[in-house]
Amino acid sequence: MQYQGVLKKMMTSNDETVQYYLDLEADFLNMNQLLDREITLSFVKYECLNCHLDKQIYRQGFCKSCFYETPRAGEWIMRPELSTAHLGKEDRDLEFEKEMQLKPHIVYLANSSNVKVGVTRKSQVPTRWIDQGAHEAIEIVEVPNRYLAGITEVALKEHVSDKTNWRKMLVNEITDVNLIEEKEKLAAYIPDEVKEYYLDKNVNETQINFPVKEYPQKVKSLNLIKTPTYKGVLKGIKGQYLIFEDNTVFNIRANEGLVVNFIV
């Protein structure tokens, strides 16, 4: 079977094993069903997720001009502490920013390759953790806007990483950590204006199991622009990565905006 469409990050559901779905507009693929099957991926063209033109993708699925214009790529997305909607101040589109920023947000600890602190909208739990390839996670605070989550993350990352080592995550070099203890250690560093939102009674770790039959020994990252056609047997999916039998991995999220052919 052949499918074609523009890549967007896979949708997920946290069942006993995470279920992955790829929306290719005309087709909706349950990627778990493709495990142990040979897949051919081919680059067709670009399609910016904002203007939908065939223009080279710059970042986050957008062409360069759209990246600097669309509110969906504002700097506050990567740096929540720069959020200003709670002050009524516009960055690029105040109504959009209010919709995104003035919602409950979670600051969390997730363990993928190492324990890291992060921020997500409450509605994105546990999706955000799945996308990072975390096998366990716990919520630290729940705040009413993105700014408060951002300043909490800034304070806590002085004491714990805010980055994931994606190579270690993919080869499954993981260490189980007591996230409840880690959360309690960090409580003292939460900014004063956020302390009332600390989830002191939360002692529930979320466990996540990924559909991986075989982890790579040494990761080789596929660049479809440099290698326009690739064929391999799918052995697993973790984070937003497809893992193939020959140790090749392909990051769907990092390739948003590429139109591809899938042959299964």
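Owing to the predicted nature of the structure, the values given are computational and were not obtained by experimental measurement. The analysis underlying the following values was restricted to heavy atoms, covering all of them including side chains, and did not include hydrogens, waters or symmetry mates.
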Show the atom names and distances, to 0.1 Å, of all donor-acceptor pairs under 3.5 Å that link a side chain in residues 93-104 to residues at least two apart or in another chain.
residue, atom, partner, partner atom, Å
D93, OD1, E95, N, 3.2
D93, OD1, F96, N, 3.2
E97, OE1, D91, N, 2.9
E97, OE2, R92, N, 2.6
E97, OE2, D93, N, 2.9
E99, OE2, K103, NZ, 2.9
Q101, OE1, T84, N, 3.2
Q101, OE1, A85, N, 2.9
K103, NZ, E99, O, 3.4

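- With a 4.5 Å cut-off on side-chain heavy atoms, V107 and Y197 do not count as touching.
- Cluster annotation: M11 is not connected to V18 through the hydrophobic network of ILVMFWY side chains, with a link wherever side-chain heavy atoms come within less than 4.5 Å.
- From Q19, atom CD reaches atom CD1 of I237 across 8.5 Å, with rounding to the nearest 0.5 Å.
- At least one side-chain heavy atom of P191 sits under 4.5 Å from a side-chain heavy atom of T152.
- Taking every heavy atom of both residues into account, N14 and Q207 meet most closely at ND2-O, 3.9 Å.
- To the nearest 0.5 Å, atoms OG (S113) and CD1 (I174) are separated by 10.0 Å.
- More than 12 heavy atoms of other residues, nucleotides or ligands lie within 6.0 Å of CD in Q2, so this atom counts as buried by the packing criterion.
- Y58 and F67 have perpendicular rings, their planes meeting at more than 60° on a 0 to 90° scale where under 30° would count as parallel.
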Begin from the C-alpha positions of K235 and D36 and carry the test side-chain contact (heavy atoms from CB on, under 4.5 Å) through to its verdict.
CA-CA 6 Å; K235 299 302 288 187; D36 284 330; 2.6 Å; yes
Tell me, with the steps shown, if E256 and I57 meet side-chain contact (heavy atoms from CB on, under 4.5 Å).
CA-CA 8 Å; E256 288 184 308; I57 299 302; over 6 Å; no
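- Nearest heavy atoms, K195 versus A188: NZ-O, 3.6 Å.
- For K64, the NZ atom counts as loosely surrounded, since its 6.0 Å shell holds 12 or fewer non-hydrogen atoms of other residues, nucleotides or ligands.
- Under the 4.5 Å side-chain criterion, counting only non-hydrogen atoms from C-beta, I225 is in contact with Y46.
- Nearest heavy atom pair, residue V219 against residue R167, reads O-NH1, 3.4 Å.
- Once rounded to the nearest 0.5 Å, the distance linking CD of E142 with NE2 of H105 reads 11.0 Å.
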Could you list the donor-acceptor pairs under 3.5 angstrom formed by side chains in residues 124-133, with sequence neighbours left out?
residue, atom, partner, partner atom, Å
D131, OD1, Q240, NE2, 2.9
D131, OD2, K9, NZ, 2.6
Q132, OE1, Y108, OH, 3.2
Q132, NE2, Y108, OH, 3.0

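- Remark: the backbone N or O of Y3 is not paired with any side-chain donor or acceptor of D27 at under 3.5 angstrom.
- Here the side chain of K183 pairs a donor or acceptor atom with the backbone of L199 at under 3.5 angstrom.
- Between the K8 side chain and the L49 main chain, no donor and acceptor come within less than 3.5 Å of each other.
- A distance of 10.5 Å separates NE2 in H52 from SG in C63, rounded to the nearest 0.5 Å.
- Contact between M169 and S112 at its shortest, heavy atoms only, is CG-CB, 4.0 Å.
- Counting heavy atoms from C-beta on, the side chains of V115 and S161 never come closer than 4.5 Å.
- You'll find the side chain of C66 stays beyond 4.5 Å of the side chain of K55, heavy atoms only.
- Remark: N165 pairs with no residue by the side-chain hydrogen bond (donor to acceptor under 3.5 Å, both in side chains) rule, at least two apart or across chains.
- Between atom CD1 of residue I140 and atom OH of residue Y189 there is a gap of 13.0 Å, rounded to the nearest 0.5 Å.
- Under the 4.5 Å side-chain criterion, counting only non-hydrogen atoms from C-beta, L22 is not in contact with Y20.
- Shortest non-hydrogen contact noted between N255 and N251 is ND2-O, 2.7 Å.
- There is no path of hydrophobic side-chain contacts, each under 4.5 Å, that joins V117 to I106.
- Put simply, the side chain of E136 gets close to the backbone of V177: a donor and an acceptor are under 3.5 Å apart.
- Closest of all the heavy-atom pairs between L224 and L41 is CD2-O, 4.0 Å.
- Under the 4.5 Å side-chain contact rule for hydrophobic residues, Y147 and I77 do not share a cluster.
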So D176 and H135, side-chain contact (heavy atoms from CB on, under 4.5 Å) or not? Walk me through it.
CA-CA 9 Å; D176 281 324; H135 64 281; 3.1 Å; yes
Starting from the C-alpha separation in whole Å, work towards a yes-or-no answer on side-chain contact (heavy atoms from CB on, under 4.5 Å) for N172 and K238.
CA-CA 10 Å; N172 210 37; K238 189 175 186 185; 3.1 Å; yes
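- Checked by atom type and distance alone, the side chain of S13 never pairs as donor or acceptor with a backbone atom of D15 at under 3.5 Å.
- No close placement of the Y230 and F250 rings is indicated, their centers lying 6.0 Å or farther apart.
- Atom CD1 of I39 is separated from atom NZ of K231 by 12.0 Å, given to the nearest 0.5 angstrom.
- Side-chain contact between L35 and P211 is present, with at least one heavy-atom pair separated by less than 4.5 Å.
- L258 is connected to L29 through a chain of hydrophobic side-chain contacts under 4.5 Å among Ile, Leu, Val, Met, Phe, Trp and Tyr, so both are in one cluster.
- Residues K213 and L234 form no side-chain contact, since every pair of their non-hydrogen atoms from C-beta on lies 4.5 Å or further apart.
- Between the side chain of N247 and the backbone N or O of K220, no donor-acceptor pair lies under 3.5 Å.
- Linking ILVMFWY side-chain heavy atoms closer than 4.5 Å, directly or via other members, places Y21 and F262 in two distinct hydrophobic clusters.
- Here the side chain of E205 pairs a donor or acceptor atom with the backbone of L179 at under 3.5 angstrom.
- Panel note: side chain D162, backbone V154; no donor-acceptor pair is recorded below 3.5 Å.
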